[in-house]
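Just below is one structure, and these are the notes that go with it.
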Amino acid sequence: MKEIKVVNSFKQVGKIKWFGGFNNRTGKRNDYGFVECQERGNVWVHRTEVYCSEYDLKEGTLVKFELRIYGNSYSARNLHLLNLSEEQDLDIIECCFNNSDPKLSALALSVYLNNNPIEEVIFLADKKLTSFLPQQKKRFLHYVPETILMHYKARNIRNLLPWNKQLKLCLQLSNNDSTLERDAELREEIFNIISNVQDGNLEISQENISKIYNLYADYPEARNSLNIKLHIQCLVELISNIEYASTKDILLSELRELLVHSNLAAFWLGIPDYIILDQQIWSIASESRRIGILVSQISNQQDLIYQDNIFKIADILKESAEENITELISIFKHKEFIKSHNLILKYLPDIEQITILRAKLKNDVNQNAEIISQIAEVLSKSPSDKLQILLSKLPDSVKKWDEILEFLPPEEKILIMLSKLKKESQIENQTIINKIGDLINTTSNEERIILIYLLPEWVRYKEEILKSFHLLLPEDQVKLVWNFIANNSLFIWQYMSRQAKVLCVYRLVKETEDTSKFLNEFKDIQKITPENDNLVRCVLKILWAKEHPERGNEVFQQVHNLFIQYVIENATNSTELLNLDPLLPYCQPTEVKVKYCEGRLWTMTDNQATEVTALVSRACCPRVRQRPCDLFELSKSRVNSNYGLYGARLYAECSQDWEKWSLLELFKVAGIVPSLSDLKRPEDYLTKLSGWINRINEIRSRLKCSVCGDIMPHNIEYAKFLAKFRVTVFSCKHGKGHDYNIYLNECWGCGEIIDSRESKYQSSEDKYYLCIHCGSGTQNSDSYTQGDICPKCGTLGMELSQYNNRYRKCCSCNHSIKLPDEKKITGIKCPQCRAGKMILTVNKKNEKVRICRSSSCGYSISAK
């Protein structure tokens, strides 16, 4: 039997590690367990040594026991539950206090308090803390009795607690005035805690400042240690509760300084209105806060301070930035008696102003003059896109006022003015008609025709209205006056534009068989108001030739001379582009960027048997390198064209609408066949005239100086009827720094305009400027081929397109050119195939070589 030796040198405390439980090996419940002991590790205990319920021995339960040796290990005897609050055994209490478990040590202090002075217990706790690691200290402090922590001498221990717990304890201490008087250090401790906790937990700080603000009353340096929000809160509490005016003024000055330097609106939220009303704070308060206070003081218009506060609100709005007005007026958005005051009204949104002013209108219209003026002022300042909405809010009786009438849309304005007309009041009517005429003159073409149709006939053909006829679209002019023209009444002829007069003649010829009555009437009005427009005179002469076919050739010569005279005079004296609408037929294809058709007949076939020339279905367009263009036919659409272009106007198509007629149709019905000494085919007359006008306009559009925009002086001789260019160099009259010696000419290769401001490089033979469109240089050159030099940047050897050998591209600037027709390609012939021309390019070795353009040849030679 083993010898058992009892160890009684000291008693021990510990925690149950485990006890009992089911044993799988024996199939029974264990009757033993182990206790964790600081000195001896895990100590074995049998249930016979347990003096409490075995069910209380759960893991972690505190127990007290005696040690005995059992073989080579220790066992526990006489084991009891440990309840420190009732423990009387000093050895056990001391053992608990000296235990390494912080919880046991802290709980032992509660027992010490029952038998020892609190100062001694504080000393023991302070000493015990020095033996713990940081994490153990936290656990120890968690279980230290609050009685100890609350003592004013336990400052060193409190300093180890979390800030919020320190603050709670100090505040409990501060409630005892005698404690504060005895220990000024407690005040500093509180200040220090607040200073440290304010950044980590502002909410707790704010909650407690309202309780201890009085501590800061005489300590401005302590207030300065607070963050701005707490500082302001502390000052608000002090100002609100201090009775002495001199002290309050000092605190208000301090508050003002804080608010000025903080510059954050959020800090103002906690300041009550009665403090802001103090002059020191009022002068720096935000506009919205001041207006909010002023508005809150007014309940209705009968308040004694109503008028004074309105003036103050208006002054604030006047000084406010425009972008802040919307926010400020929203403060009193539900108080109509404030918004409707004239001093405030002008700051409201336009639509709200109009709504309020409308509500002020009296039933007697004559009493509303002042309100009408206010409405007109609102409308005058409103953006145009909002004007219609504002006007829709006004009753018709208001719109009739002259001050409001000017803001109405033209159509509505016309209807109101017409409603004021009275046939028996001629003087008053004349004033209104003058206004109607002025209004029509200021509107767009689309609006103008609508407005004129609104007028009754007895107004429509008044001279004041007729003066605006020339501003309408020509077609609309003709439609408006056609009844008079058809009845040979030409009193309105002088008010029509040139294009409208020409269209009138077209329509007259198309819809009237006998035009002699019109000519006779026109002859009479010529005596009073002669027609001085050469183009209109041309049309009228052709109309006269219809009635006198035997004089057709003579009339054509007169018409031709008038055309030449008109073009030369306008090209010389005007900077505007020449406009011969609707005399010349328009170019139909959109990809051709000219106004008038220049097409030429593609082929002609003669029927020798009948000696009748047959019409062909195609024309060639000089604007697209002689590509074919289908002739214009009324029944054919462009999508049916097999050649990509459609609409060459070489023959008359009188069946189309008169609005689309040109001189082609007028010549046809008048029986006129153009005949000039240098004109091979009559069909070419109008297209040559078109080409002349197009060329003049092209050169004309380029005659502006790129620096100042003024037209550079030129001589009309640079282009004659056949569009042969003569004078080609132009300089700005302003001299140095402006365009000088600018070369302009038509490219012989592609027909485009060569402008030396774009085409800056020249061919080597005779310094001929290269065309930037096709690369052509000197005509018939034996040494230069289109694309040898990039006409835009001057790089040698443009690359030939692998997809289409009509195109070359610069490898430096990516500029592309389209070569002219094969017959116009210049340069050295290939010595091998004798068919293709040699082009200059750069090979992979960066060497200049000439290669044959013919893909089937591929011959190349070095280029020096």
Side-chain angles (χ1 to χ4, degrees), residues 591-594 623-625 627 698-699 701-707 709 712 728-732 737-779 781-822 824-828 836-855 858 860-864:
E591 58 265 48
V592 181
K593 297 180 180 178
V594 293
R623 286 291 176 163
V624 286
R625 318 282 173 83
R627 278 172 57 192
E698 285 176 323
I699 293 292
S701 64
R702 292 175 177 270
L703 287 180
K704 287 184 178 181
C705 172
S706 61
V707 178
M712 293 184 285
T728 56
V729 178
F730 306 89
S731 297
C732 181
H738 293 252
D739 288 347
Y740 178 73
N741 282 351
I742 302 302
Y743 176 83
L744 294 172
N745 206 343
E746 180 185 16
C747 175
W748 62 268
C750 64
E752 299 288 348
I753 301 299
I754 299 174
D755 186 333
S756 61
R757 288 168 293 193
E758 298 173 343
S759 308
K760 299 181 180 179
Y761 295 91
Q762 301 169 312
S763 57
S764 57
E765 301 101 327
D766 53 5
K767 305 301 180 183
Y768 192 96
Y769 280 97
L770 304 181
C771 176
I772 200 168
H773 305 285
C774 73
S776 294
T778 305
Q779 193 170 1
S781 173
D782 292 330
S783 59
Y784 172 80
T785 298
Q786 288 89 343
D788 282 357
I789 303 173
C790 174
K792 187 172 183 180
C793 71
T795 300
L796 295 177
M798 301 179 78
E799 296 177 353
L800 193 64
S801 172
Q802 59 179 329
Y803 304 109
N804 189 333
N805 65 1
R806 289 288 300 276
Y807 291 90
R808 298 190 72 178
K809 183 178 180 181
C810 177
C811 58
S812 295
C813 68
N814 292 326
H815 177 67
S816 295
I817 61 172
K818 183 179 181 182
L819 304 181
D821 293 337
E822 193 69 32
K824 295 183 179 182
I825 298 295
T826 61
I828 305 170
K837 297 293 177 69
M838 303 289 287
I839 63 174
L840 179 67
T841 186
V842 179
N843 62 17
K844 294 180 179 179
K845 297 180 180 180
N846 203 28
E847 298 170 338
K848 290 186 290 183
V849 295
R850 284 196 179 273
I851 62 174
C852 181
R853 287 186 70 248
S854 175
S855 58
S860 67
I861 57 174
S862 176
K864 301 296 184 181

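In this chain, numbering begins with 1 at the start of the sequence shown. Only a predicted model underlies this, so the values are computations on that prediction, with no experimental measurement involved.
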key: Residue pair V849 / I861, side-chain heavy-atom distance below 4.5 Å   = no

ask   = Can you tell me how far CD1 of I828 sits from SG of C852, rounded to the nearest 0.5 angstrom?
value = 12.0 Å

key: Sidechain N-carboxylate O distance under 4.0 Å for D739, K704   = no

key: NZ on K760 to SG on C793, rounded to 0.5 Å   = 11.0 Å

task = Measure the shortest side-chain to side-chain distance between S776 and L770 over non-hydrogen atoms and say whether it is less than 4.5 angstrom.
result = no

note = Taken in chain and number order and not counting sequence neighbours, the residues that satisfy ring-ring contact (aromatic ring centres under 6.0 Å, His included) with Y807 are none

Contact summary for L840 and D788, nearest pair of heavy atoms = N-OD1, 2.9 Å

key: Short side-chain to backbone donor-acceptor contact, Q786 and T826, under 3.5 Å   = yes

query = Under a 4.0 Å N-O cut-off, is there an ion pair linking E758 with R702?
reply = yes

ask   = Would a 4.5 Å heavy-atom cut-off, applied to side chains only, mark I772 and H815 as touching?
value = yes

query = For the residue pair C750 and C774, what are the closest heavy atoms and their distance?
reply = SG-SG, 3.8 Å

query = Could you state the interatomic distance from CG (L819) to NE2 (H773), rounded to the nearest 0.5 Å?
reply = 14.0 Å

Closest heavy-atom pair and its distance - T778, W748 = O-CZ2, 3.9 Å

query = Under 3.5 Å, side chain of R757 to main-chain N/O of I742, donor-acceptor pair present?
reply = no

task = Could you pull out the closest heavy-atom pair between T841 and M798, with the gap in Å?
result = OG1-O, 4.2 Å

key: Exercise: identify the closest heavy-atom pair between G827 and T785   = CA-OG1, 3.3 Å

inquiry  = Distance check, rounded to the nearest 0.5 Å: K848 atom NZ versus S862 atom OG?
reply    = 9.0 Å

query = Distance from E746 atom CD to I754 atom CD1, nearest 0.5 Å?
reply = 9.0 Å

Residues which pass ring-ring contact (aromatic ring centres under 6.0 Å, His included) with Y761, listed by chain and number, not counting sequence neighbours = none

query = NZ/K792 to OG/S816 distance, rounded to the nearest 0.5 angstrom?
reply = 10.0 Å

message = I'd like to know if the side chain of S759 reaches the main chain of C771, judged simply by a donor and an acceptor atom lying under 3.5 Å from each other, with no hydrogens or angles considered.
response = no

inquiry  = If you compare all heavy atoms of Y743 against all heavy atoms of V729, which two are closest, and at what distance to 0.1 Å?
reply    = CD1-CG2, 4.3 Å

query = With a 4.5 Å limit on heavy-atom distance, are the side chains of N804 and K818 in contact?
reply = no

ask   = Would a 4.5 Å heavy-atom cut-off, applied to side chains only, mark C732 and V707 as touching?
value = no

